[in-house]
Peer 1: 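Have a look at the structure that comes next, please.
Here the structure is a predicted model, which is why all the values come from computation and not from measurement.
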Amino acid sequence: MIDSRLKRYWFAELEQSAISLEKLYRGSDWNDDLEFSVEKSIFLGFYAIRKLKESGLLPNNVISLNWKVITYPKSDKPRQNKFIDDYQLFSGGSKQLSLEVLCNQFIHSKHFSPFVPDGDFCLGFFFASDRESKKELYYIQLVSVINVFLSVVYEKKMTLELLHDENKFSVTLPNT
């Protein structure tokens with residue numbers, strides 16, 4: 001459990017993670033060190049959110065939020081090369097996940113992979129828990145993860161938009 005007097009520190013950590021994640025849109029050479037840093041921010045962030053919820057430190061309007069993800073069904077014939085090849089990436093649909101379910105998908109993930117299509121900047125994440133990976137794979141945009149983290153911090157639904165300008169993407173963060 002998280003003690004209520006420590007809530008502000010966890011919120012500050014989530015906000016810093018959101019700021020760090022937003023910088024991924026500005027691009028930098030994707031490498032192992034950066035991937036480790038991103039993975040750590042994602043997993044610690046979703047774990048912290050779950051612990052804040054379990055400790056009764058999140059308001060109902062945040063707990064009740066749902067988040068859009070893209071789902072890809074498992075292939076009938078797994079290829080067993082890379083995990084992503086075991087899913088039908090051209091047959092995606094959308095689904096709403098509750099905050100709790102979303103957190104658990106990351107915390108109990110069997111699959112986690114940043115989507116870095118050009119090796120320069122991350123656009124989102126493929127993920128699925130042990131249980132769900134038997135049926136489907138999820139994808140969430142990076143901006144949506146930032147929205148989740150900031151919605152917890154500001155205790156209201158945040159809806160930041162992804163902006164595209166020539167060769168770069170960006171998100172305007174509140175009060176930063």
Side-chain angles (χ1 to χ4, degrees), residues 2 10 13-14 16-18 20-25 30-55 58 62-153 157-162 169 171:
I2 293 176
W10 285 105
E13 186 72 23
L14 280 170
Q16 276 308 119
S17 290
S20 295
L21 291 170
E22 187 278 330
K23 291 177 184 172
L24 295 174
Y25 281 123
W30 190 259
N31 57 50
D32 291 347
D33 187 48
L34 182 57
E35 185 169 344
F36 167 75
S37 177
V38 168
E39 187 170 329
K40 184 173 125 184
S41 289
I42 296 293
F43 284 100
L44 285 177
F46 281 109
Y47 183 74
I49 292 169
R50 188 178 84 175
K51 294 309 283 181
L52 287 162
K53 178 195 173 290
E54 290 171 352
S55 301
L58 296 181
V62 172
I63 293 170
S64 65
L65 292 174
N66 291 307
W67 300 94
K68 181 182 174 185
V69 297
I70 305 300
T71 62
Y72 300 101
K74 183 110 178 177
S75 297
D76 294 330
K77 299 177 185 176
R79 294 185 188 96
Q80 299 183 3
N81 292 335
K82 296 186 213 174
F83 80 86
I84 203 150
D85 294 334
D86 292 342
Y87 298 90
Q88 299 173 36
L89 297 181
F90 295 105
S91 301
S94 77
K95 186 182 221 179
Q96 297 284 325
L97 297 182
S98 69
L99 182 62
E100 182 176 11
V101 169
L102 183 62
C103 288
N104 287 333
Q105 289 303 309
F106 279 103
I107 293 165
H108 300 289
S109 63
K110 177 177 182 176
H111 301 309
F112 174 80
S113 180
F115 179 51
V116 186
D118 62 0
D120 193 27
F121 50 85
C122 179
L123 293 178
F125 306 95
F126 291 100
F127 63 102
S129 69
D130 290 337
R131 185 182 308 151
E132 294 303 312
S133 68
K134 295 172 185 160
K135 300 183 297 185
E136 59 194 355
L137 179 69
Y138 297 122
Y139 174 78
I140 189 167
Q141 289 184 334
L142 175 57
V143 70
S144 295
V145 172
I146 295 167
N147 283 333
V148 172
F149 285 12
L150 292 178
S151 292
V152 170
V153 170
K157 175 93 177 195
M158 300 297 289
T159 310
L160 305 176
E161 293 186 27
L162 179 61
F169 291 94
V171 175

Peer 1: Suppose the criterion is salt bridge (charged side-chain N to carboxylate O under 4.0 Å, His left out): which pairs have a residue in residues 99-110, not counting sequence neighbours?
Peer 2: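 Those involving residues 99-110 are Lys53-Glu100.
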
Peer 1: From Leu123 CG over to Ile140 CD1, what is the distance, rounded to the nearest 0.5 angstrom?
Peer 2: 13.5 Å

Peer 1: Holding to ring-ring contact (aromatic ring centres under 6.0 Å, His included), I want the full list of residues that pass it with Phe127, two or more places apart in sequence or in another chain.
Peer 2: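 Once residues adjacent in sequence are excluded, the partners of Phe127 under the ring-ring contact (aromatic ring centres under 6.0 Å, His included) criterion are Phe106, Tyr138.
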
Peer 1: About how many Å separate CG of Leu89 and OG of Ser75, when rounded to the nearest 0.5 Å?
Peer 2: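 Spacing of OG (Ser75) from CG (Leu89) equals 8.0 Å.
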
Peer 1: Rounded at 0.5 Å granularity, tell me how far CG in Asn147 sits from CG in Leu142.
Peer 2: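 One gets 9.5 Å once the value is rounded to the nearest 0.5 Å.
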
Peer 1: Are the side chain of Gln88 and the backbone of Lys74 linked by a donor-acceptor contact shorter than 3.5 Å?
Peer 2: yes

Peer 1: Could you check Leu21 against Ile42 for side chain to side chain contact (heavy atoms under 4.5 Å, CB included), going step by step and ending with a plain yes or no?
Peer 2: CA-CA 9 Å; Leu21 291 170; Ile42 296 293; 3.9 Å; yes

Peer 1: Kindly state each residue pair satisfying side chain to side chain donor-acceptor pair (under 3.5 Å) with at least one member in residues 32-47, sequence neighbours excluded.
Peer 2: Trp30-Glu35

Peer 1: Do Asp86 and Leu137 have side chains that approach each other closer than 4.5 Å (heavy atoms only, starting at C-beta)?
Peer 2: no

Peer 1: I'd like to check Phe121 versus Asp118 (side-chain heavy atoms, cut-off strictly below 4.5 Å). Are they in contact?
Peer 2: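 Yes, at least one pair of side-chain atoms sits under 4.5 Å.
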
Peer 1: Who passes side-chain hydrogen bond (donor to acceptor under 3.5 Å, both in side chains) against Lys68, sequence neighbours left out?
Peer 2: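 For Lys68 there are no side-chain hydrogen bond (donor to acceptor under 3.5 Å, both in side chains) partners, ignoring immediate neighbours.
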
Peer 1: Check whether any side-chain heavy atom of Ile84 sits under 4.5 Å from a side-chain heavy atom of Ser113, and report yes or no.
Peer 2: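 Side-chain contact under 4.5 Å: no.
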
Peer 1: Write down the atom of Phe125, the atom of Pro114, and the distance for their closest heavy-atom approach.
Peer 2: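 Taking every non-hydrogen atom into account, CD2-CA, 3.7 Å.
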
Peer 1: For Tyr139, which residues count as a ring-ring contact (aromatic ring centres under 6.0 Å, His included) partner, sequence neighbours excluded?
Peer 2: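 Result, ring-ring contact (aromatic ring centres under 6.0 Å, His included) vs Tyr139: Phe115, Phe126.
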
Peer 1: For Ser151 and Trp67, what are the C-alpha separation, side-chain angles and deciding distance, and is it a side chain to side chain contact (heavy atoms under 4.5 Å, CB included)?
Peer 2: CA-CA 11 Å; Ser151 292; Trp67 300 94; 3.4 Å; yes

Peer 1: Check salt bridge (Lys or Arg N to Asp or Glu O under 4.0 Å) between Lys157 and all other residues, then give those that pass, not counting sequence neighbours.
Peer 2: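 Scan of Lys157 (salt bridge (Lys or Arg N to Asp or Glu O under 4.0 Å), adjacent residues dropped) gives none.
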
Peer 1: Please round to the nearest 0.5 Å and tell me the distance separating atom CD1 of Ile2 and atom CD1 of Ile49.
Peer 2: 10.0 Å

Peer 1: Compute the centroid of each ring, for Tyr72 and then for Phe90, and state whether the two points are separated by less than 6.0 Å.
Peer 2: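 Between Phe90 and Tyr72, which both carry aromatic rings, the centre distance is not below 6.0 Å.
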
Peer 1: Nearest 0.5 Å, what's the OG-CG distance between Ser64 and Leu99?
Peer 2: 9.0 Å

Peer 1: Just verifying a value: how many Å separate Met158 CE and Ser144 OG, rounded to the nearest 0.5 Å?
Peer 2: 13.0 Å

Peer 1: For Glu54, give me all partners under salt bridge (Lys or Arg N to Asp or Glu O under 4.0 Å), at least two apart in sequence or on another chain.
Peer 2: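 In terms of salt bridge (Lys or Arg N to Asp or Glu O under 4.0 Å), with neighbours along the sequence ignored, Glu54 is linked to Arg50, Lys51.
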
Peer 1: Please report the shortest heavy-atom distance between Phe149 and Gly45, naming the atom on each side.
Peer 2: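 For Phe149 versus Gly45, the nearest heavy atoms are CZ-CA, 3.7 Å.
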
Peer 1: Taking the side chain as everything from C-beta on, heavy atoms only, tell me whether Phe46 gets closer than 4.5 Å to Val145.
Peer 2: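 Yes. Closest side-chain heavy atoms under 4.5 Å.
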
Peer 1: Excluding sequence neighbours, so at least two apart, what forms side-chain hydrogen bond (donor to acceptor under 3.5 Å, both in side chains) with Ser129?
Peer 2: Gln105

Peer 1: Show your reasoning for whether side chain to side chain contact (heavy atoms under 4.5 Å, CB included) applies to Leu24 and Leu34.
Peer 2: CA-CA 9 Å; Leu24 295 174; Leu34 182 57; 3.9 Å; yes

